[in-house]
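In what follows, a single structure is set out as structure tokens and then discussed.
Since we're looking at a predicted model, the values are computed, not measured.
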Amino acid sequence: MGHVLDSLDRKILELIAQDARTPFLEVARACNVSGAAIHQRIQKLVSTGVILGSQFVLNPEKLGYETCAYVGLYLKDPSDFDDVVEKLKEIPEVVECHYTTGGFDMFIKIYALNNHHLLNIIHDKLQPLGLSRSETIVSFNAVIDRQLPIPTLPDDE
């Protein structure tokens with residue numbers, strides 16, 4: 001079960017999810033509360049794990065990463081999960097790793113400079129991790145990329 005959010009928490013989250021750089025005083029004005037109240041609420045949301053952090057979102061394409069790929073990994077020995085994850089953390093082009101249901105042991109997201117670079121990552125960095133095989137899907141374009149909506153409780157409607 002997730003953290004119980006009241007209407008003020010949800011309003012704060014909606015505002016800062018749109019732009020994490022929104023000043024607390026601006027959020028406070030929009031919520032009709034004091035800046036101190038917003039600061040306390042955000043601290044509570046951070047300490048309870050509702051907010052995981054804030055960061056600038058970099059555009060991979062503007063940095064030269066022209067290829068985005070998703071790779072399903074099949075391990076020779078699935079008991080090597082933890083070791084493989086630690087080695088994947090050392091590959092900077094791997095930006096996500098998921099344990100999944102279905103046929104894959106793991107599913108990762110990679111950014112590469114181009115297709116040749118992707119091939120090198122798969123051949124030189126992934127295969128030596130103890131894979132029996134992998135399946136790669138290249139993404140042409142992310143047509144939806146957004147934050148999740150803040151859930152509304154039935155008694156708030």
Side-chain angles (χ1 to χ4, degrees), residues 1-73 80-102 104-115 117-118 120-122 125-126 129 134-157:
M1 177 76 186
H3 178 78
V4 178
L5 302 173
D6 65 18
S7 59
L8 178 57
D9 290 333
R10 282 192 298 283
K11 178 72 173 172
I12 293 167
L13 290 171
E14 287 170 1
L15 291 166
I16 65 174
Q18 292 171 15
D19 183 357
R21 294 182 298 168
T22 304
F24 285 1
L25 285 176
E26 191 174 316
V27 174
R29 277 188 225 106
C31 295
N32 293 320
V33 296
S34 71
I38 295 300
H39 189 268
Q40 289 172 343
R41 287 295 184 114
I42 289 178
Q43 288 304 112
K44 178 188 79 168
L45 292 166
V46 169
S47 69
T48 58
V50 173
I51 296 175
L52 298 177
S54 61
Q55 59 188 352
F56 288 101
V57 179
L58 305 178
N59 181 339
E61 228 176 282
K62 297 289 184 184
L63 297 173
Y65 292 94
E66 296 178 2
T67 303
C68 173
Y70 297 88
V71 184
L73 305 178
D80 289 339
F81 268 3
D82 294 338
D83 291 337
V84 171
V85 169
E86 289 308 310
K87 291 175 184 169
L88 286 170
K89 288 178 182 177
E90 296 173 10
I91 303 171
E93 296 90 351
V94 174
V95 296
E96 291 182 23
C97 177
H98 301 267
Y99 294 137
T100 62
T101 61
F104 304 126
D105 293 312
M106 294 178 195
F107 197 69
I108 62 173
K109 181 177 181 180
I110 296 176
Y111 282 104
L113 298 173
N114 51 42
N115 289 345
H117 183 217
L118 176 62
N120 288 340
I121 293 167
I122 293 169
K125 296 181 179 182
L126 296 181
L129 299 180
S134 64
E135 290 183 28
T136 303
I137 300 166
V138 173
S139 169
F140 292 127
N141 188 22
V143 293
I144 298 174
D145 185 7
R146 62 181 169 210
Q147 293 279 0
L148 285 170
I150 310 303
T152 303
L153 299 176
D155 60 335
D156 287 336
E157 296 175 346

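- To the nearest 0.5 angstrom, Ile12 atom CD1 is 3.5 Å from Ile38 atom CD1.
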* Should Leu5 and Leu45 be marked as a side chain to side chain contact (heavy atoms under 4.5 Å, CB included) after you check the CA-CA gap, both sets of side-chain angles, and the distance that decides it? -> CA-CA 9 Å; Leu5 302 173; Leu45 292 166; 3.9 Å; yes
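- By the 4.5 Å heavy-atom criterion applied to side chains, Val71 and Ile108 are counted as neighbours.
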* Pair Ser134-Ile122, side chain to side chain contact (heavy atoms under 4.5 Å, CB included): steps then yes or no -> CA-CA 9 Å; Ser134 64; Ile122 293 169; 4.1 Å; yes
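- The minimum heavy-atom distance between Tyr111 and Ile121, with the atom names listed, is O-CD1, 4.2 Å.
- Between Thr22 and Leu15, the closest heavy-atom pair is OG1-O, 4.1 Å.
- Side-chain atoms of Leu129 and Leu73, non-hydrogen and from C-beta on, never get closer than 4.5 Å to each other.
- At least one donor-acceptor pair under 3.5 Å links the side chain of Asp19 to the backbone N or O of Arg21.
- Every ring pair (Phe, Tyr, Trp, His ring centres under 6.0 Å) that Phe104 has, sequence neighbours left out, goes to Tyr74, Phe107.
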* Asked: Leu13 and Ile51: side chain to side chain contact (heavy atoms under 4.5 Å, CB included), yes or no, with the steps?
  -> CA-CA 9 Å; Leu13 290 171; Ile51 296 175; 3.8 Å; yes
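- The structure places OG of Ser34 at 9.0 Å from CG of Leu25, a figure rounded to the nearest 0.5 Å.
- Salt bridge status for Arg41 with Asp6: present, with a side-chain N to carboxylate O gap under 4.0 Å.
- Side-chain contact check for Ile91 versus Leu126: some heavy-atom pair is nearer than 4.5 Å.
- Here the closest non-hydrogen pair linking Val4 and Asp9 is O-OD2, 4.2 Å.
- Atom CG of Asp145 has 12 or fewer neighbouring heavy atoms from other residues, nucleotides or ligands inside a 6.0 Å radius.
- Here Glu90 contributes atom CD and Lys125 contributes atom NZ; the two are 10.5 Å apart, rounded to the nearest 0.5 Å.
- Here Thr67 contributes atom OG1 and Glu93 contributes atom CD; the two are 11.5 Å apart, rounded to the nearest 0.5 Å.
- In this structure, Ile16 CD1 and Gln18 CD are separated by 10.5 Å, a value rounded to the nearest 0.5 Å.
- Minimum heavy-atom separation, Ser54 to Ala20: CB-CB, 3.9 Å.
- A pairwise comparison of heavy atoms in Lys11 and Cys31 identifies CG-SG, 3.4 Å as the closest pair.
- A salt bridge links Lys89 with Glu86: at least one charged nitrogen is closer than 4.0 Å to a carboxylate oxygen.
- Within the 4.5 Å cutoff, side-chain heavy atoms of Leu88 are placed close to those of Met106.
- Residues passing the ring pair (Phe, Tyr, Trp, His ring centres under 6.0 Å) test with His98, sequence neighbours excluded: none.
- Within 6.0 Å of CD on Glu135 lie more than 12 heavy atoms contributed by other residues, nucleotides or ligands.
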* Going through the checks in order, is the side chain to side chain contact (heavy atoms under 4.5 Å, CB included) test met by Leu118 and Thr136? -> CA-CA 10 Å; Leu118 176 62; Thr136 303; 4.2 Å; yes
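- Taking all atoms of both residues into account, the shortest heavy-atom contact from Ala17 to Gln147 is O-CG, 4.0 Å.
- With rounding to the nearest 0.5 Å, the separation of OH in Tyr99 from CG in Asp105 is 10.0 Å.
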